[in-house]
2 protein chains.
Amino acid sequence: MNPYIRRIKDLSNRLDPQVHAEMEGGFVDKKFSKGSFLLQPGQICTSHLLVKEGVARKFYIHNDKEITTEIYFHDDVAISLDSYIMRKAADVYIEALTDLEVTIIDYSRFLDVKKKYAEIMMLDKMFIEYYAVWFEQRLKAFQTMDASQRYIQLLEKEPRIVQQLPVSITASYLNVSLETLSRIRSKFSLR
Amino acid sequence: MNPYIRRIKDLSNRLDPQVHAEMEGGFVDKKFSKGSFLLQPGQICTSHLLVKEGVARKFYIHNDKEITTEIYFHDDVAISLDSYIMRKAADVYIEALTDLEVTIIDYSRFLDVKKKYAEIMMLDKMFIEYYAVWFEQRLKAFQTMDASQRYIQLLEKEPRIVQQLPVSITASYLNVSLETLSRIRSKFSLR
DNA sequence: GTGATTATTTGACCTGTGTCAAATTTTTGC
DNA sequence: GCAAAAATTTGACACAGGTCAAATAATCAC
């Protein structure tokens with residue numbers, strides 16, 4: 001487990017049970033079937049979507065091409081940060097890649113709890129810090145690594161993506177064409 | 001001014017003057033001469049560095065090549081987020097590109113004020129949120145635009161970088177070779 | 001199971017951008 | 001103001017990775 005996530009979990013576990021219960025009181029579970037969208041461009045993202053079961057992804061369309069920016073497994077949080085923070089229309093899709101179960105953490109209810117308990121505010125801040133650092137690392141991957149290197153890194157850091165998802169989605173997450181990813185795969189599987 | 005920064009400024013201006021004064025009580029000003037480093041790899045980043053006067057940048061070295069990740073002008077905040085949050089050794093340099101005046105906001109003093117006043121914690125959280133969104137946009141630029149398009153966008157969004165800094169630094173910020181940036185510039189200056 | 005659809009691989013070719021080297025322009029020190 | 005150093009431009013060439021098309025493999029519907 002990533003050290004940032006570990007810190008958040010540790011803190012979360014050490015919350016006063018009362019506070020913990022109050023936070024979770026606002027949670028609502030929901031199911032989505034494979035291929036459906038949890039968020040679409042134009043909508044305002046008004047919640048954190050905590051994945052309980054299944055796989056989802058966030059992507060946007062640029063020049064008729066899908067670009068996958070994030071892939072969510074169990075315990076990951078799907079959100080359009082930009083839309084959520086500024087309460088403006090999202091420009092991304094969040095799509096269920098399998099049948100999916102999520103816990104919905106509503107913006108305004110969460111805000112109430114954060115105002116009431118500083119430690120929850122702190123957890124939320126840590127989540128954003130983690131997110132910022134994650135973006136920084138992802139940016140670094142694009143600035144320093146070629147397609148093969150990014151693929152190898154993905155295999156090491158997120159093997160589930162390569163193992164469980166079609167080449168087309170892995171390719172769009174690595175920002176290469178599927179043909180190129182296919183060639184990279186054949187190059188490495190021979191050795 | 002960027003809408004996120006505007007929100008932070010607005011909120012900051014509406015702070016109770018007492019609280020505002022207490023926050024700024026911990027600020028310390030410092031000068032750096034051109035070419036000196038405010039942070040180097042191996043050090044732990046223990047403060048926000050608010051630029052008052054001059055220009056600075058953050059960069060790291062990969063395969064003997066400098067990659068500039070951020071450029072700071074008046075009112076920008078220089079920080080190695082990763083190092084600051086996790087209190088671990090930084091892997092970046094922060095360098096004064098001109099003679100520089102900064103306000104140093106020390107980690108532990110700032111933490112005290114944040115604990116005491118929820119509105120300061122809120123401001124800090126907004127800063128990180130802004131940072132995360134900024135990273136997301138920068139990532140998008142690398143995923144969707146070629147070198148010329150990134151240059152045009154930079155001219156529009158951050159003309160001071162192109163106008164005030166040497167080609168070598170602009171190039172490393174755009175993640176292209178200086179030769180390529182030079183060709184892009186000549187292509188556009190003729191028209 | 002079989003045909004149809006979809007996903008993946010392979011081939012041919014092209015373009016953007018990197019590298020190395022050389023030429024030119026600008027800046028700096030004295 | 002001039003020589004030396006540094007920055008920028010220009011040229012020649014190589015190659016990663018994109019596109020389009022075709023072949024093959026895997027999956028799905030019934």
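Throughout, protein chains are lettered first and strands after them, A, B, ... in sequence-line order, and every chain is numbered starting at 1.
- Side-chain atoms of B:I85 and A:Y130, non-hydrogen and from C-beta on, never get closer than 4.5 Å to each other.
- Judged by distance alone, the side chain of B:D99 and the main-chain N or O of B:K34 form a donor-acceptor pair under 3.5 Å.
- In this structure, CG of A:L181 is placed 11 Å from P of D:dG17, rounded to the nearest angstrom.
- Classified by interplanar angle (parallel below 30°, tilted 30° to 60°, perpendicular above 60°), the ring pair B:F59/B:F37 is tilted.
- Taking side-chain N and O atoms only, A:S186 has no distance below 4.0 Å to OP1 or OP2 of C:dT9.
- When distances are taken from the side chain of A:E179 to each of C:dT8, D:dT19, D:dT10, the shortest belongs to D:dT19.
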In B/S/- notation, 5' to 3', how is nucleotides 23-30 of chain D contacted by protein heavy atoms closer than 4.0 Å?
-> --------

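- Proximity of B:I128 to B:L81: side-chain heavy atoms (C-beta onward) are separated by under 4.5 Å at one or more points.
- Look at CZ on B:F188: it is 19 Å from P on D:dT8, rounded to the nearest Å.
- Residue B:S177 places its side chain closer to C:dT19 than to any other of C:dT19, C:dT9, D:dG17.
- Listed pair B:S182 / D:dT9 meets the phosphate criterion, a side-chain N or O lying under 4.0 Å from OP1 or OP2.
- Between the CD1 atom of A:I184 and the C1' atom of C:dT8 there is a distance of 14 Å, rounded to whole Å.
- A straight line from CG of A:N175 to C1' of D:dG18 spans 11 Å, rounded to a whole angstrom.
- Here C:dG18 presents its C1' atom at 14 Å from NE2 of B:H62, a figure rounded to the nearest Å.
- Mapped onto DNA chain D by nearest heavy atom, B:V167 and B:R183 fall at different nucleotides, with B:V167 at the one closer to the 5' end.
- Atom CD in B:E66 sits about 11 Å away from atom P in D:dA7, given to the nearest Å.
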Step by step, work out the side chain to side chain donor-acceptor pair (under 3.5 Å) result for A:E22 and A:Y117.
-> CA-CA 10 Å; A:E22 190 160 345; A:Y117 302 107; 2.6 Å; yes

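- The pair B:K125-B:E129 counts as a salt bridge, with a side-chain nitrogen and a carboxylate oxygen less than 4.0 angstrom apart.
- Geometrically, B:R57 does not engage B:Y173 in a cation-pi contact, judged by NZ or CZ lying under 6.0 Å from the ring centre and within 45° of the ring axis.
- Here the side chain of B:P166 is nearest to one of D:dA12, D:dG18, D:dT8, namely D:dT8.
- Rounded to whole Å, the distance from OH on A:Y151 to P on D:dG17 is 15 Å.
- When the P atom of D:dG17 is taken as reference, atom CZ of A:F142 falls 12 Å away, rounded to whole Å.
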